[in-house]
2 protein chains.
Amino acid sequence: MTLEVHSSSQKFATEPRSQALPAGLLAQFGVRMAYARHEEVYAQEEEADLIYQVVSGAVRTTRLMSDGRRQIGDFYHPGDVFGIEHGPEHRFSAEALCDTIVVVGKKKALALAAGQNAVDRFLADATARDLDRAQDHLLLLGRKTACEKVASFLLGIAHRTNRPAVDLPMGRQDMADYLGLTIETVSRMVTQLQTAMIVEFPSCRQFIVRNRPALERLSD
Amino acid sequence: MTLEVHSSSQKFATEPRSQALPAGLLAQFGVRMAYARHEEVYAQEEEADLIYQVVSGAVRTTRLMSDGRRQIGDFYHPGDVFGIEHGPEHRFSAEALCDTIVVVGKKKALALAAGQNAVDRFLADATARDLDRAQDHLLLLGRKTACEKVASFLLGIAHRTNRPAVDLPMGRQDMADYLGLTIETVSRMVTQLQTAMIVEFPSCRQFIVRNRPALERLSD
DNA sequence: CGCGTGTTTGATAGCAATCAAGTTCTGTGG
DNA sequence: CCACAGAACTTGATTGCTATCAAACACGCG
């Protein structure tokens with residue numbers, strides 16, 4: 001991980017969403033950091049006194065079982081806040097999916113700079129978003145079929161942009177660990193959606209939704 | 001649902017935990033309500049301006065797919081707060097598992113009575129607990145086997161009491177919809193744990209953990 | 001006592017996991 | 001710029017776990 005001294009030299013996020021990124025707490029008072037692809041931002045059970053916001057790139061939060069099974073909690077994209085905990089320790093680890101820039105701040109420092117109330121509201125908003133997403137994720141993991149899981153996932157990613165071609169910041173293994181599937185099953189479902197002319201994959205990291213209504217029908 | 005006029009006449013929760021229920025916001029300023037077994041407390045997509053706390057009994061939050069598949073988000077026991085939303089609508093419905101008493105309050109009324117800051121802290125605490133539980137639930141749904149799911153579930157329930165015999169407020173179907181299984185699979189796993197002398201079920205709504213280390217090993 | 005609901009047990013089917021090659025993509029060095 | 005090595009992805013064959021379908025059993029209640 002490296003401290004970003006010349007923040008003006010940084011490339012901006014590729015998603016249009018980041019253009020509209022409001023000058024939030026962290027953007028104002030945080031420190032810019034850069035992480036290489038697959039570099040750890042924080043570890044599970046590490047002390048949690050910092051909060052993070054993605055500037056460019058993407059981050060995953062993951063939890064590991066003793067035998068190596070892995071569950072990804074969520075993916076965070078430019079503008080998203082992550083790393084907030086209510087206990088003293090991180091309950092997931094966080095890693096950069098690709099070369100990623102984040103802004104980081106200490107809760108206490110932010111409170112001094114911007115006021116406790118502003119920080120509390122900021123944290124509450126981010127926590128609420130996490131909870132809503134986790135609850136949607138529960139239904140997906142508990143009750144959807146492999147095909148529905150992949151369809152929902154692609155829709156969710158596609159929803160974040162309005163360009164026709166959507167880039168996937170994560171590989172098949174990360175998709176599998178998010179969806180509670182194996183990498184082979186994800187691959188087969190992708191092929192299936194492609195054969196059905198619903199989604200087209202010009203490469204394995206990029207797709208185009210060809211039949212959105214069909215994809216929406218499949219996603220539930 | 002009925003308004004509880006004579007609150008002093010109510011039976012108290014069966015769990016020891018409720019004895020230590022702190023005189024929280026809702027306990028002080030809320031209105032007592034009684035719900036019959038399986039009665040709906042609120043519906044999905046209903047407007048959400050009330051918050052709830054279980055006094056006695058138990059509540060489940062559920063989400064339904066168009067074809068009837070059901071996912072239970074969480075179970076709430078005496079002392080637990082539920083029904084908080086960040087958008088305008090409820091994202092799950094809530095139903096009483098058995099005859100249940102709840103205290104209810106409007107966010108705005110509570111803020112007038114106890115102050116905005118106290119309410120905000122109260123909501124933040126409850127949201128944080130919901131998020132932590134939802135994240136544990138993700139790992140269970142995404143990566144655990146049927147046996148591990150049932151073992152984890154029983155441990156989680158048993159953890160709430162220190163009496164040897166634990167009552168299950170929910171039936172097999174509710175367990176299945178929480179764990180992302182079918183009722184038959186839940187039943188088979190229960191039988192299996194019983195055959196292995198790890199857990200004993202004197203009746204289908206009550207169990208005793210006979211070998212906790214084994215149950216903990218199975219739960220992950 | 002008999003009915004209905006909820007649970008358990010049994011037989012079978014099917015979806016996704018596993019095991020095992022191939023194939024494509026990517027980055028690197030000649 | 002091309003050749004190569006390793007990683008990532010896809011495809012195929014098979015297994016196995018859990019769902020489904022079906023029936024018996026147990027319990028609570030009128």
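Any value given below was found using the heavy atoms of this structure, including those in side chains, with hydrogens, waters and symmetry copies removed. Worth saying up front: this structure is predicted, and the values here are computed from it rather than measured.
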Can you tell me how far [atom2] of [N] sits from [atom1] of [X], to the nearest Å?
| X | N | atom1 | atom2 | result |
| --- | --- | --- | --- | --- |
| B:L97 | C:dG6 | CG | C1' | 15 Å |
| A:Q173 | C:dA17 | CD | C1' | 13 Å |
| A:M170 | D:dC9 | CE | P | 11 Å |

*Mapping B:L181 and A:R37 to their closest nucleotides on DNA chain D, which lands nearer the 5' end?*
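Counting from the 5' end, the first nearest nucleotide belongs to A:R37.
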*Please round to 10 degrees the angle between the axis of the first five pairs and the axis of the last five pairs in the helix from C:dC1-D:dG30 to C:dG30-D:dC1.*
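Computed angle between terminal axes is 30°.
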_Contact list for DNA chain C against residues 136-155 of chain A - heavy-atom distance below 4.0 Å_ =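 Result for residues 136-155 of chain A: A:T145, A:A146, sorted by number.
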[X]-[Y] side chain donor-acceptor pair, cut-off 3.5 Å:
| X | Y | result |
| --- | --- | --- |
| B:S66 | A:D220 | yes |
| B:T127 | A:T127 | no |
| B:Y76 | B:D130 | yes |

Name all residues meeting the side-chain contact (heavy atoms from CB on, under 4.5 Å) criterion together with [X]; count only those two or more places apart in sequence or in a different chain, and write none if there are none.
| X | value |
| --- | --- |
| B:E46 | B:Y42, B:A43, B:H90 |
| B:R217 | B:P213, B:A214 |
| A:A165 | A:Q206, A:I208 |
| B:R212 | B:L155, B:A158, B:V209, B:E216 |

_A:E95: partners by salt bridge (charged side-chain N to carboxylate O under 4.0 Å, His left out), with sequence neighbours left out_ =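 A:E95 satisfies salt bridge (charged side-chain N to carboxylate O under 4.0 Å, His left out) with A:R60 once adjacent residues are dropped.
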_Can you list everything that forms a salt bridge (charged side-chain N to carboxylate O under 4.0 Å, His left out) with A:R133? Sequence neighbours excluded, please._
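A:R133 satisfies salt bridge (charged side-chain N to carboxylate O under 4.0 Å, His left out) with A:D74 only.
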*If a protein heavy atom is under 4.0 Å from the base, mark B; if only from the sugar-phosphate, S; if neither, -; do that for nucleotides 25-30 of chain D going 5' to 3'.*
------
_Pairwise 5' ranking along DNA chain C for B:R205 and A:M189, keeping only the more 5' one_ =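 Checking each residue's closest nucleotide, the 5'-ward one belongs to B:R205.
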What N/O pairs connect the protein and nucleotides 10-14 of chain D at under 3.5 Å? Give each pair on its own line.
residue	atom	partner	partner atom	Å
D:dT10	OP1	A:R172	NH2	3.2
D:dT10	OP2	A:R172	NE	2.8
D:dT10	OP2	A:S187	OG	2.8
D:dT10	O5'	A:S187	OG	3.0
D:dT11	OP2	A:T191	OG1	2.6
D:dG12	N7	A:R188	NH1	3.0
D:dG12	O6	A:R188	NH2	3.1
D:dA13	N6	A:R188	NH2	3.4

*Give every residue pair that meets the side chain to side chain donor-acceptor pair (under 3.5 Å) criterion with at least one member in residues 189-199 of chain A, sequence neighbours excluded.*
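Residue pairs with at least one partner in residues 189-199 of chain A: there are none.
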_Can you tell me which residue among B:M175, B:K144, B:M189 is in a side-chain contact (heavy atoms from CB on, under 4.5 Å) with B:K149?_
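Only one option passes, and that is B:K144.
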_Inter- and intrachain pairs under ring pair (Phe, Tyr, Trp, His ring centres under 6.0 Å), touching residues 195-220 of chain B, at least two apart_ =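 Sorted pair list: B:F201-B:F207.
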*asked:* Does this structure show an ion pair linking A:D99 with A:R37, if we count only N-O contacts that are shorter than 4.0 Å?
replied: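 Result for this pair is no, no salt bridge flagged.
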